[in-house]
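Down below is the structure, laid out as structure tokens.
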Amino acid sequence: MRLIDFIPKPYSKTLDNGSVTWSSPSNIALVKYWGKREPQLPENSSISFTLSACETITKLNYTKRENNGNFSFDVILNGEKKDAFKSKIDTFFKRIEAYVPFLKDYHFIIETQNTFPHSSGIASSASGMSALALCLMSVERSLSEVEINELFFTQKASFLARLGSGSACRSLEGPLVVWGAHQEIEGSSDLFGIKYPFEVHDNFKNYQDVILLVDKGQKQVSSTLGHNLMHDHPFAQERFKQAHDNISALKLVLEQGDLDMFIKIVESEALTLHAMMMTSKPYFILIKPNTLEIINKIWSYRKETGSKICFTLDAGANVHLLFPEKEAKNVLKFISTELVAHCENGNYICDNIGLGANEL
Ligand code: PMV
């Protein structure tokens with residue numbers, strides 16, 4: 001697919017008003033995306049597990065109006081008007097207008113809600129942007145005379161979601177999604193995420209993710225700022241190469257079910273992401289003392305029990321615990337006896353690997 005393939009032919013149908021609703025999950029990267037170039041293209045390929053319980057549900061109401069050269073929309077979060085989100089969506093609409101040229105012909109009411117608490121420190125941009133991109137694709141489908149097939153629909157929705165928030169393009173399908181061209185992953189592209197195209201060993205089926213909410217506050221450094229600091233980063237090129245090599249290594253791990261190697265790659269990726277932050281100019285630290293307490297306890301627990309639990313981190317202090325389903329009972333006991341003490345107000349979210357977005 002090329003950029004030009006995402007520019008639609010003039011729409012032949014007209015729609016006065018209507019609404020569409022999509023739910024779309026969050027995702028957690030195993031090999032991380034950190035560093036981008038314009039327009040929102042990744043410096044390295046990344047791969048993620050799609051989550052299931054943590055999702056955004058977005059209803060897009062549209063009403064035809066006179067095109068006055070501006071976007072017209074309202075955002076409603078959990079039933080309340082949220083003007084704070086408007087500038088982000090305005091930027092998103094500007095970036096995608098060439099690909100969905102009906103945007104200025106409608107007034108939109110974007111009603112959105114997350115299944116996870118708003119101030120949980122879990123980024124809602126991946127689930128939120130992917131849900132909105134899917135809603136827009138549903139509108140485009142209704143405006144088009146030509147049949148839009150499922151593959152194109154999903155690819156274009158992922159392409160649009162990427163322009164809203166890079167990692168959002170990995171939320172549409174599951175259980176594993178790759179974003180960023182990699183010569184060993186057939187069909188992979190910098191423009192959109194694709195479903196991981198190979199067989200995955202049973203060891204990884206229905207993997208669990210418990211998110212320990214260490215710090216529910218707003219991030220001090222946005223991911224946009226962090227990505228940009230990779231431009232002059234002394235270790236950038238090495239890092240991009242490492243991520244590329246880790247995708248190759250993970251491909252073998254996913255095929256063979258090698259849980260020990262999985263742990264090594266995933267934990268190294270998490271720590272490298274934060275090492276990049278700590279060695280940026282200016283440097284910054286997003287992990288908290290409790291993040292390290294949890295990591296040390298995971299390492300002890302693994303040593304004592306032979307468990308295959310491991311951790312990963314996104315751009316914040318919260319810890320994602322990844323483990324095979326058959327360990328769920330023991331791990332949940334370990335969490336409640338050892339780890340809850342390090343979570344803000346004892347809060348954590350139990351999730352598992354899911355299959356992506358759904359139209360409701
Ligand atoms: O999609 P963004 O711009 O919020 O960046 C997300 C970056 C990480 O979550 C840290 C890593 C990743 O690949 O999801």
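All values reported here derive from a predicted model rather than from experimental measurement. In each ligand, atom 1 is the first atom listed, and ligand 1 is the first ligand listed.
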- Query: Quick one: does ligand 1 sit under 4.0 Å from the side chain of I28, the backbone, both or neither, non-hydrogen atoms only?
  - Reply: neither
Nearest non-hydrogen protein atom, [atom]:
atom                   : result
atom 9 (O) of ligand 1 : D314 CB, 3.9 Å
atom 7 (C) of ligand 1 : Y33 O, 3.4 Å
atom 5 (O) of ligand 1 : H227 NE2, 3.0 Å

- Message: Quick check on the 6.0 Å ring-centre criterion: do F49 and F204 meet it?
- Response: no
- Task: Could you tell me whether Y207 and F262 have their ring centroids closer than 6.0 angstrom?
- Result: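 Close enough - the centres of the two rings lie under 6.0 Å apart.
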Ligand-residue contact atoms, ligand 1 with [X], heavy atoms, under 4.0 Å:
X    : value
A29  : 12 (C), 13 (O), 14 (O)
A315 : 10 (C)
G166 : 1 (O)
S167 : 1 (O), 2 (P), 6 (C), 14 (O)
S223 : 2 (P), 3 (O), 4 (O), 5 (O)

- Message: For T312 and K32, which I'm curious about, is there any donor-acceptor pair between the side chains at under 3.5 Å?
- Response: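 Indeed, the side chains of T312 and K32 share at least one donor-acceptor pair under 3.5 Å.
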- Task: Indicate whether the side chain of S45 and that of H182 have a donor and an acceptor atom separated by less than 3.5 Å.
- Result: no
- Message: Does the structure place the NZ or CZ of K156 under 6.0 Å from the centre of the six-membered ring of F6, at an angle of no more than 45° from the ring's axis?
- Response: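 No - K156 does not lie over the ring of F6 by the 6.0 Å and 45° rule.
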- Look up atom CD1 in I211 and atom SG in C343, then write down how far apart they are to the nearest 0.5 Å. 11.0 Å
- Query: Parallel, tilted or perpendicular for Y106 and F102, by the 30°/60° rule?
  - Reply: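 Perpendicular, since the angle between the ring planes exceeds 60°.
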- Message: Check for me whether Q40 has a heavy atom closer than 4.0 Å to any atom of ligand 1.
- Response: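 Q40: no contact with ligand 1 (<4.0 Å).
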Got an N/O contact under 3.5 Å between [X] and ligand 1?
X    : value
S125 : no
S165 : yes
R170 : yes

- Item | Residue that, paired with I294, satisfies side-chain contact (heavy atoms from CB on, under 4.5 Å) out of I298, L292, T291 |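 Among I298, L292, T291, the one that satisfies the side-chain contact (heavy atoms from CB on, under 4.5 Å) with I294 is I298.
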- Message: Do the side chains of R37 and D190 get close enough for a salt bridge, i.e. N-O under 4.0 angstrom?
- Response: yes
